[in-house]
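Here is the structure we will look at.
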Number of protein chains: 2
Amino acid sequence: MSERSVPPILNERAQHLLKVLVQRFIRDGQPVGSRALSRASGMDLSSATVRNVMADLEEGGFIRAPHTSAGRIPTDKGYRFFVDSLLTVNPLNPSEIDRLKVRLDDEAGTEGLVETASTLLSGVTHLAGVVTLPRRNHSRLRHVEFLPLSDRRVLAILVVNEKEVQNRVIHTDREYSRDQLQAVANYLNAQFSGRDVTTVRETLLEEMAAHRDDMNELMDSVISVASQVFGEQEQCEDYVLAGETNLMTFTELSDVEKLRELFQAFNEKRDILHLLDRCLAADGIQIFIGQESGYRAFDGVSLVTSTYSVEKDVVGVLGVIGPTRMAYDRVIPIVDVTAKLLGHALNTSQ
Amino acid sequence: MSERSVPPILNERAQHLLKVLVQRFIRDGQPVGSRALSRASGMDLSSATVRNVMADLEEGGFIRAPHTSAGRIPTDKGYRFFVDSLLTVNPLNPSEIDRLKVRLDDEAGTEGLVETASTLLSGVTHLAGVVTLPRRNHSRLRHVEFLPLSDRRVLAILVVNEKEVQNRVIHTDREYSRDQLQAVANYLNAQFSGRDVTTVRETLLEEMAAHRDDMNELMDSVISVASQVFGEQEQCEDYVLAGETNLMTFTELSDVEKLRELFQAFNEKRDILHLLDRCLAADGIQIFIGQESGYRAFDGVSLVTSTYSVEKDVVGVLGVIGPTRMAYDRVIPIVDVTAKLLGHALNTSQ
DNA sequence: TTTAGCACTCTACGCGGTAGAGTGCCAATC
DNA sequence: GATTGGCACTCTACCGCGTAGAGTGCTAAA
């Protein structure tokens, strides 16, 4: 066999043709034939030559033919190569950046900000936007308050980070009066106000270990109540989705059964959260193309994400969900910029 | 003209045939022909006679033919008559009721309850469930607390109804110290704890009017701060939807454009809320069939709702959204029972 | 290595014919 | 007068067929 089977890496011509093919397909949504590609490539090659190259690309798994006599469309692998090696992104127009910035900076409060960011992403891209709620590992305790409920239950109200209010019901091993609870609260506020919540938890554990035997009544109560209040908080992982209905307009997703699977995944949240978690781990822009994510519902769907940070700490992920045939060159900078702006807005608002 | 045009009311035979026709169509989803109907009616009528009756029913607007040579299907008006006058509901199996009850009673907290109810409705009916958040006009004030923020803003934390925590940021006309705010809180707690929030609001307004001129500094602060805290609360109207994806499996809704409109309506919430509001006003079971609701997106879709109550006060609406071709005889008792159970669960949980 | 040419394949579309379901009407019947 | 059998008619769904158009793969020549 004198001919090498599949070139280990695509030569420049093949790369360029792949690039043009993907761009065309993203623009028109139609399979691209050899003649159209030879014209569009600007390379002065006959369609026959282009056909040869396309045969190589197909063998390499970058493109495929929906049927014998149609043009070719990119495979997931083709999109991947396109995104990794061929893509040239147009940076966002400064005036567009400003519009986004204004909309985000106007919004007060964490909850509203996240929702606005998601809506903005979906609005600007005409795809679905997704933003995870920020999770701060560094929450400064501001104030704590207790109210007795019936049946040895106590309502604990925590104010952290300036103006975030959390509340939870804890079960105590004995009945506490209003005054006793007030005393515990006073002690905690005096001792720990302004401190990091995780530090508070650790300090309490140490105290408990150190003074196990010789504790006065107050300290006993403090430890008993506070250990529950500051116990491991189940990270309420969640995300805000916007503009899902945009996805219904794409012909490649017009199969109702496919749509149902995708929307089911949105509702169940588990798979999506897992995917977003993977993005959180890897700093910066992340792209999942079609089946790469490993979830069946994501067939034909891509996810472009970026992490966003508050004071250098990565606290969340945001991104865009759309058909694999999306305008990556536009979407990527939009996601990138929105992530930075959201981080900034969160920074100033607290 | 010797023949009357359209009988003002359907005679018994026509009613029975309409009933059987609707039941058949709900079961099979196929247009019902005269022969099939004459067999199914159990009335020993020839198909020709049935044809005559069907012609009358069509003229009366109760049924229509999708095309010349298909059977007939019910119109919205046909479903309406069916639901109002012909329907016999099978009451729910006691064991099924028990299953629902257990699931709801297990769930703690308002938020979780509402979500569970919605999921239950969707799960049992295989349609979409919808539950509005309960809005209580009677909220007993339990405790109030203030924390100063920067820029003359104050974080107010309200505990109402045993363990519901609300918080809001108010803007004051001057800077308050922590102690001043504490004094205001102490006064409010002493004076109004256990009282209805609306009563508190009214009382404050009266005080303000009565002592406009001769107020001491404390009272001035109290009025200034509290009037904002207890000001008209924008009723945060909202609902929890579950199982929307179930709707995607119905062939009559398989048109993607129709689905998109419906889901858009779910997301925008405005129209749905308006519809649910109308249900709230009318106590008990309400049914909107297809275009009756007046919203384009509801073409081919029905909504079955019931109000639910806490201590005799109607506080919310819950229901099921599905194709007009839904099993009303099953759905109606399910909605009815779930509403009662949710009311009961809310009652005991607080 | 590139290219022109050509046979081949597949889809989309329109046409015609048929089977099947169901209707509407009319005249006969109870 | 209500009911019924009969019959012509209509419409859909389906199948087979032929055609136009797009695009391919292969081969032989440049």
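Here is the naming used below: chain letters follow the sequence lines, and residue numbers restart at 1 for every chain. Note that this is a predicted model, so its numbers are computed, not measured.
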**Complete:** Separation of C:dA27 atom C1' from B:N52 atom CG, nearest Å, is 13 Å
**Message:** Please confirm whether the ring centroid of B:F288 lies under 6.0 Å from the ring centroid of B:F298.
**Reply:** no
**Message:** Would the base of D:dG5 count as contacting B:R35 through its side chain, where contact means a donor and an acceptor less than 3.5 Å apart?
**Reply:** no
**Prompt:** With under 30° as parallel and over 60° as perpendicular, where do the rings of A:H274 and A:Y295 fit, or are they tilted in between?
**Reply:** perpendicular
**Asked** Which one, D:dG25, C:dT23, C:dT3, comes nearest to the side chain of A:L45?
**Response** C:dT3
**Prompt:** Would one find a side-chain N or O of B:S46 under 4.0 angstrom from OP1 or OP2 of D:dT3?
**Reply:** no
**Message:** Distance check needed: C:dC25 P versus B:R51 CZ, whole Å only.
**Reply:** 11 Å
**Prompt:** Hey, is the side chain of A:R13 poking within less than 4.0 Å of OP1 or OP2 on C:dT1, counting only N and O atoms?
**Reply:** no
**Message:** Using whole Å, what does the distance between atom P of nucleotide C:dC25 and atom CD of B:E58 come to?
**Reply:** 11 Å
**Asked** Any donor-acceptor pair under 3.5 Å joining the side chain of B:S69 to the base of C:dA21?
**Response** yes
**Prompt:** Is the ring centre of B:F82 less than 6.0 Å from the ring centre of B:Y79?
**Reply:** no
**Complete:** Rounded to whole Å, the CE-P distance (B:M54 to C:dA21) equals 16 Å
**Asked** With a 4.0 Å cut-off on heavy atoms, is A:A70 in touch with a base, just the backbone sugar-phosphate, or nothing at all?
**Response** sugar-phosphate
**Message:** Output the rounded distance in Å from CZ (B:R64) to P (C:dT23).
**Reply:** 15 Å
**Item:** Distance test, side-chain N/O of B:T68 to OP1/OP2 of D:dC11, below 4.0 Å
**Value:** yes
**For atom CZ of A:R39 and atom P of D:dG23, their distance in whole Å** = 11 Å
**Nucleotide nearest B:A48 when distance is taken to its side chain, options D:dG5, C:dT3, D:dT3** = D:dG5
**Asked** From A:L18 CG over to A:L57 CG, what is the distance, rounded to the nearest 0.5 angstrom?
**Response** 5.5 Å
**Message:** Using heavy-atom distances to pick each residue's nearest nucleotide on DNA chain C, tell me which of B:A55 and A:T49 is more 5'.
**Reply:** A:T49
**Separation of atom CG in B:L17 from atom P in D:dT3, rounded to whole Å** = 11 Å
**Request:** Name all pairs fulfilling the side chain to side chain donor-acceptor pair (under 3.5 Å) condition that reach into residues 18-41 of chain A, sequence neighbours left out, sorted by first residue then second.
**Result:** A:S34-A:R51
**Message:** How many whole angstroms separate atom CG of B:N11 from atom P of D:dA2?
**Reply:** 11 Å
